[in-house]
Amino acid sequence: MKKPYTLIVVSLLAISAGIILFLFISASNIEQTESERPLVLSMTASVDIPDRMIFAGEPIRFDRYDLRERMDREINSFTYFHSTTLLLLKRANRIFPLIEPILKQQGVPDDIKYLAVIESSLDTRAVSPARAAGLWQFMASTAPRYGLEVSAEVDERFHIEKSTVAACRYLKEAFAKYGSWSAAAMSYNGGQARITNELSKQLASNALDLWLVEETQRYYFRMLAIKQIFENPRRYGFVLRADQLYKPIECDRINISSSIPNLADFAKQNGLTYAQLKDFNSWLRSDKLTNKAGKTYSILIPKKESLYYKSGEKFKVHDKRWVTP
């Protein structure tokens, strides 16, 4: 009778020991899990840097420490600056169809459109703290040299087509001087005199090797980063539908060689509000156009039916990579 009793006792002791061991291990696991639990509700992953890129026909590798780290900073910045980068994609659907043909006609690489993205965030009314203005951010003192009128009533820095031609003129001039679009782009930010002087002083042949103020050193890499995201938006977490992009607005043109005493009256006569007239012709800087010289100006008149987003409308997508299939 004692032997079965002994077995029962031993079995109970073994089971008890197993339970205690299980509870101890479980407690340890819970403690470890709690210690490793993230303190935030979402995780942020660093974006991988491409090995190489081609920008405006010029290859660049990101194996050298400074080039890699400059690219790393900008591509992570744009990736996690969500609202701004989304807005850039939306605006590009309206602006790129206007400027790309001009770049092509002027013999400037298509990638230079990303310079406008960096300069103004594709805001045609942008004005910097230094008073640079428009899509391509010309200074008032520089603009006339490249064919832009700047006055109290007319400021063609805000004219999309004319300012794009002016930017092309500047960049082609810089390219002729330096022989590279990267140097030309950096001179757009830092000035040709600064880039030329620093290349000489620092005994450098490549503008990307220069020690410059931070804004200019970052400038070209911001263009590279935004190109990478624009060409692969979904890879960087940006998901849009076609109807979430800003639709291109179809416009008629009215050529004016006389004065317009009151632009509000002119807008009303053409079926627009004053705000709409100014929105599509932000180069008109006053409430009138005196035009004493009798110069011919082309004023955009948006088509009324094009001003509205309509249910069921098929939206034009400039680049299919920007939207979810």
Looking at [X] and [Y], what are the two nearest heavy atoms and their distance?
X: F238; Y: T79; result: CZ-O, 3.4 Å
X: F280; Y: C251; result: CD2-SG, 4.1 Å
X: E74; Y: R218; result: OE2-NE, 2.7 Å
X: W211; Y: E198; result: O-OE1, 4.4 Å
X: K278; Y: S286; result: NZ-O, 2.8 Å
X: I249; Y: P302; result: CG2-CB, 3.9 Å

#### Entry: Chi angles and distances behind the side-chain contact (heavy atoms from CB on, under 4.5 Å) call for M53, F62
CA-CA 8 Å; M53 277 184 68; F62 300 109; 3.8 Å; yes
Short question: side chain of [X], backbone of [Y] - any donor-acceptor pair under 3.5 Å?
X: N232; Y: R235; result: no
X: T196; Y: Q192; result: yes
X: D279; Y: A275; result: no
X: Q202; Y: L199; result: no
X: S282; Y: R125; result: no
X: E100; Y: P97; result: no
X: K177; Y: A184; result: no
X: S128; Y: A132; result: yes

### Query
Among V108, L98, L103, I95, which residue meets the side chain to side chain contact (heavy atoms under 4.5 Å, CB included) test with T164?
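Exactly one pass, corresponding to L103.
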### Query
How far apart are the C-alpha atoms of Y146 and E173, what are their side-chain angles, what is the distance that settles it, and do they pass the side chain to side chain donor-acceptor pair (under 3.5 Å) test?
CA-CA 11 Å; Y146 295 96; E173 176 186 285; 3.0 Å; yes
Are [X] and [Y] side-chain neighbours, meaning at least one heavy-atom pair lies under 4.5 Å?
X: I195; Y: L212; result: yes
X: I60; Y: L208; result: yes
X: R241; Y: T324; result: no
X: F55; Y: M223; result: yes
X: D72; Y: N76; result: yes
X: R157; Y: S163; result: no
X: N93; Y: K247; result: no
X: P101; Y: K104; result: no

### Task
Test side chain to side chain donor-acceptor pair (under 3.5 Å) on N291 and S259 and set out the steps.
CA-CA 5 Å; N291 196 14; S259 63; over 6 Å; no
Report, as yes or no, whether the 6.0 Å neighbourhood of atom [atom1] on [X] holds more than 12 heavy atoms from other residues, nucleotides or ligands.
X: Y80; atom1: OH; result: yes
X: R194; atom1: CZ; result: no
X: Y309; atom1: OH; result: yes

Under a 4.0 Å N-O cut-off, is there an ion pair linking [X] with [Y]?
X: D209; Y: R64; answer: yes
X: R222; Y: E214; answer: no
X: K227; Y: D111; answer: yes

Going hydrophobic residue to hydrophobic residue with side-chain gaps under 4.5 angstrom, can you get from [X] over to [Y]?
X: L245; Y: Y236; value: yes
X: L300; Y: W283; value: no
X: I102; Y: F96; value: no
X: V165; Y: I299; value: no
X: I256; Y: L272; value: yes

### Task
Take F266 and Y274 through the ring pair (Phe, Tyr, Trp, His ring centres under 6.0 Å) test and state the conclusion after the steps.
CA-CA 8 Å; F266 177 83; Y274 177 71; over 10 Å; no
### Six-ring centre of F158, R285 cation under 6.0 angstrom, axis tolerance 45°
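Output yes; distance and angle both within limits.
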### Query
Is the gap between the ring centers of W181 and F175 under 6.0 Å?
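Yes: the rings meet the under 6.0 Å criterion.
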Could you state the interatomic distance from [atom1] ([X]) to [atom2] ([Y]), rounded to the nearest 0.5 Å?
X: L148; Y: H159; atom1: CG; atom2: NE2; value: 9.5 Å
X: Y220; Y: L67; atom1: OH; atom2: CG; value: 10.5 Å
X: L115; Y: I226; atom1: CG; atom2: CD1; value: 12.5 Å
X: Q269; Y: I254; atom1: CD; atom2: CD1; value: 9.5 Å
X: L240; Y: R234; atom1: CG; atom2: CZ; value: 10.0 Å
X: F138; Y: L135; atom1: CZ; atom2: CG; value: 10.5 Å

### Query
Strictly by modelled atom types, are E149 and Y297 linked by a side-chain donor-acceptor pair under 3.5 Å?
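Yes, side-chain donor-acceptor contact under 3.5 Å.
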### Message
With no hydrogens and no angle check, just 3.5 Å: does a side-chain donor-acceptor pair link W136 and S120?
### Response
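The criterion, which ignores hydrogens and geometry beyond distance, is not satisfied for S120 and W136.
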### Query
Is there a side chain to side chain donor-acceptor pair (under 3.5 Å) between Y219 and E119 once you walk through the steps?
CA-CA 9 Å; Y219 192 76; E119 280 290 340; 2.4 Å; yes
### Query
Does the side-chain contact (heavy atoms from CB on, under 4.5 Å) test come out yes or no for I160 and I99, once each step is laid out?
CA-CA 8 Å; I160 295 176; I99 66 176; 3.9 Å; yes
### Task
Verify side-chain contact (heavy atoms from CB on, under 4.5 Å) between D63 and R68, making sure each step is shown before the conclusion.
CA-CA 6 Å; D63 51 354; R68 183 177 183 82; over 6 Å; no
### Task
Verify side-chain contact (heavy atoms from CB on, under 4.5 Å) between L307 and Q276, making sure each step is shown before the conclusion.
CA-CA 10 Å; L307 292 173; Q276 289 167 346; 3.9 Å; yes
### Message
Angle between ring planes, F230 versus Y114, binned at 30° and 60°: parallel, tilted or perpendicular?
### Response
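If you compare the ring of F230 with that of Y114, the planes turn out perpendicular.
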